[in-house]
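Reviewing the structure listed below.
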Amino acid sequence: YHAKDQGKNQVAGCTPTMKQGIEDKTQLTSQLYRAIERQELVLYYQPQININTGQMVGVEALVRWQHPEKGLIPPGVFIPLAEQTGLINAIGRWVLETASRQNKAWQNLGLPLVTMAVNLSVEQFRNPRLVEMVYQVLQETGLSSACLELEITESIAIKETTYPIALLQQLKHLGVTISIDDFGTEYSSLSRIKELPVDRLKIAMEFVHGIDKGGKDQAIARSIIHLAKSLGLSVIAEGVETLQQLQFLKEQQCDDVQGFHFYKPMPAPQIEALLRKEMAHRKKDS
Ligand code: C2E
Ligand code: MG
Ligand code: MG
Ligand code: MG
């Protein structure tokens with residue numbers, strides 16, 4: 001039973017603020033339809049750091065909407081709208097294409113190799129042409145599949161059918177890395193995780209933040225790291241904000257980290273500058 005099925009009467013029965021909210025949402029949705037062609041979508045990239053070497057090994061692409069009047073709108077606001085309207089397929093393709101082309105451009109400049117991680121929404125996963133789309137983007141941009149990572153959510157994994165497994169297998173055959181985002185926040189069984197052809201777990205931010213308080217969140221973070229290791233998967237912690245969190249994750253032998261303690265998501269030119277610094281360091285060390 002969705003609010004959008006309730007019709008106009010329901011809108012008339014709303015309080016003024018609720019009505020305003022719905023009008024905003026409708027207006028925003030129609031503007032979102034033109035956002036791609038008007039080139040209002042932008043990608044920010046957040047570095048992923050190897051915990052032992054301190055090197056930047058990857059970046060996660062995070063989409064924003066540069067709205068002409070409202071300024072920079074975060075994905076938490078418009079991705080749900082895109083999912084409700086089916087626009088997520090066009091936006092998802094734009095994100096994948098832009099991120100892949102960007103990574104290839106950095107490589108063409110001779111900068112250190114990084115993996116480009118791209119978020120996939122559940123809706124995209126329902127699109128039967130997903131695998132074909134990913135394949136096409138790799139062809140068009142010339143990016144090696146080894147340099148692309150797709151982040152899926154646990155909810156994709158939970159569905160107790162063989163469909164997700166078959167689909168993930170097809171994606172893996174392309175050579176891309178698959179990771180489970182926000183791991184631990186949804187309810188997937190351990191036997192399910194064992195079956196899934198994934199490469200990497202991303203520890204959900206809420207457990208990482210809880211590390212500072214000790215106790216249960218530490219136990220959960222530790223368990224996820226150990227689970228990943230036992231299954232032969234790599235593991236990254238996101239939302240790392242403090243030295244204490246970093247030290248704990250290092251002791252537990254988490255592979256990679258990502259978070260404000262290192263860098264916030266930033267526009268491509270800033271990543272390029274970081275990669276140039278990184279290259280200079282590596283030259284000096286060798
Ligand atoms: P996510 O994939 O789990 O991304 C992590 C979010 O945490 C990002 O928010 C990032 O900016 C934020 N973050 C990173 N480090 C820290 C930290 O140390 N502290 C805190 N408090 N936050 C941190 P953002 O960019 O607002 O994205 C929110 C969500 O929107 C993403 O969660 C993802 O689910 C979705 N999203 C973003 N870009 C895309 C996209 O291109 N496609 C799809 N389908 N979803 C996207
Ligand atoms: Mg993500
Ligand atoms: Mg996440
Ligand atoms: Mg998320």
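Numbers for residues simply follow the sequence, beginning at 1. All values reported here derive from a predicted model rather than from experimental measurement. For ligands, and for the atoms within them, numbers begin at 1 and follow the listed sequence.
- Close approach of ligand 1 to S121 (heavy-atom distance below 4.0 Å) involves ligand atoms 44 (N).
- Not one N or O of H261 is nearer than 3.5 Å to an N or O of ligand 1, by distance alone.
- K229 NZ: more than 12 foreign heavy atoms inside a 6.0 Å radius.
- A donor and an acceptor atom, one from each side chain of Q245 and H209, are nowhere located under 3.5 Å apart.
- Between F183 and the choices L233, V198, T153, L201, the side-chain contact (heavy atoms from CB on, under 4.5 Å) rule is met once, by L201.
- The closest non-hydrogen atom to atom 11 (O) of ligand 1, taken over P265, A117, A99, P80, comes from P265.
- The 12-atom threshold is not exceeded at NE2 of H173, counting heavy atoms of other residues, nucleotides or ligands nearer than 6.0 Å.
- Between P75, A82, G259, it is P75 that holds the heavy atom closest to atom 30 (O) of ligand 1.
- Using a 4.0 Å cutoff on heavy atoms, R64 counts as a contact of ligand 1.
- Transitive grouping of hydrophobic side chains (ILVMFWY, heavy atoms separated by less than 4.5 Å) keeps Y44 and V95 in distinct clusters.
- If you look at D182 and ask which of its N, O or S atoms sits nearest the Mg ion (ligand 3), the answer is OD1.
- When each of K202, Q55, E238, M56 is tested with Q48 by the rule side-chain contact (heavy atoms from CB on, under 4.5 Å), just one qualifies, namely K202.
- Heavy atoms of K202 found under 4.0 angstrom from ligand 1: none, in either backbone or side chain.
- The E60 neighbourhood of ligand 1 comprises atoms 2 (O), 4 (O), with distances under 4.0 Å to a heavy atom of that residue.
- With a heavy-atom cut-off of 4.0 Å, D181 touches ligand 1 through its side chain alone.
- Residue contacts with ligand 1, taken as heavy atom pairs separated by less than 4.0 Å, involve M205 solely via side-chain atoms from C-beta onward.
- The distance from ligand 1 to the heavy atoms of V240 drops below 4.0 Å at these ligand atoms: 18 (O).
- Note: angle at the Mg ion (ligand 2), from OD1 of N119 to OE2 of E60, is 90° (rounded to 10 degrees).
- Distances from the Mg ion (ligand 3) to each N, O or S atom of D181 single out OD1 as the nearest.
- Between the choices N119, D182, L120, the shortest heavy-atom distance to atom 33 (C) of ligand 1 belongs to N119.
- Considering only heavy atoms from C-beta on, I236 comes within 4.5 Å of Q258 through its side chain.
- Per residue E151, closest N, O or S atom to the Mg ion (ligand 2): atom name OE1.
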Check against side chain to side chain donor-acceptor pair (under 3.5 Å), N119 and E60 = CA-CA 8 Å; N119 291 282; E60 178 178 3; 2.8 Å; yes
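- Set against the non-hydrogen atoms of E241, the atoms of ligand 1 under 4.0 Å away are 17 (C), 18 (O), 19 (N), 20 (C), 21 (N).
- Heavy atoms of V63 found under 4.0 angstrom from ligand 1 belong to the backbone as well as the side chain.
- The environment of OH in Y135 is sparse: at most 12 heavy-atom neighbours from other residues, nucleotides or ligands sit within 6.0 Å.
- Here is the list of ligand 1 atoms found below 4.0 Å of a heavy atom in Q46: 14 (C), 15 (N).
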Given H67 and Q31, is the side chain to side chain donor-acceptor pair (under 3.5 Å) satisfied, shown in steps?
-> CA-CA 9 Å; H67 190 281; Q31 291 169 339; 2.7 Å; yes
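- With 3.5 Å as the limit, one finds a donor-acceptor pair spanning the side chains of D212 and T242.
- For R129, the CZ atom sits in a loose shell: 12 or fewer heavy atoms of surrounding residues, nucleotides or ligands are nearer than 6.0 Å.
- E238 contributes OE2 as its N, O or S atom closest to the Mg ion (ligand 3).
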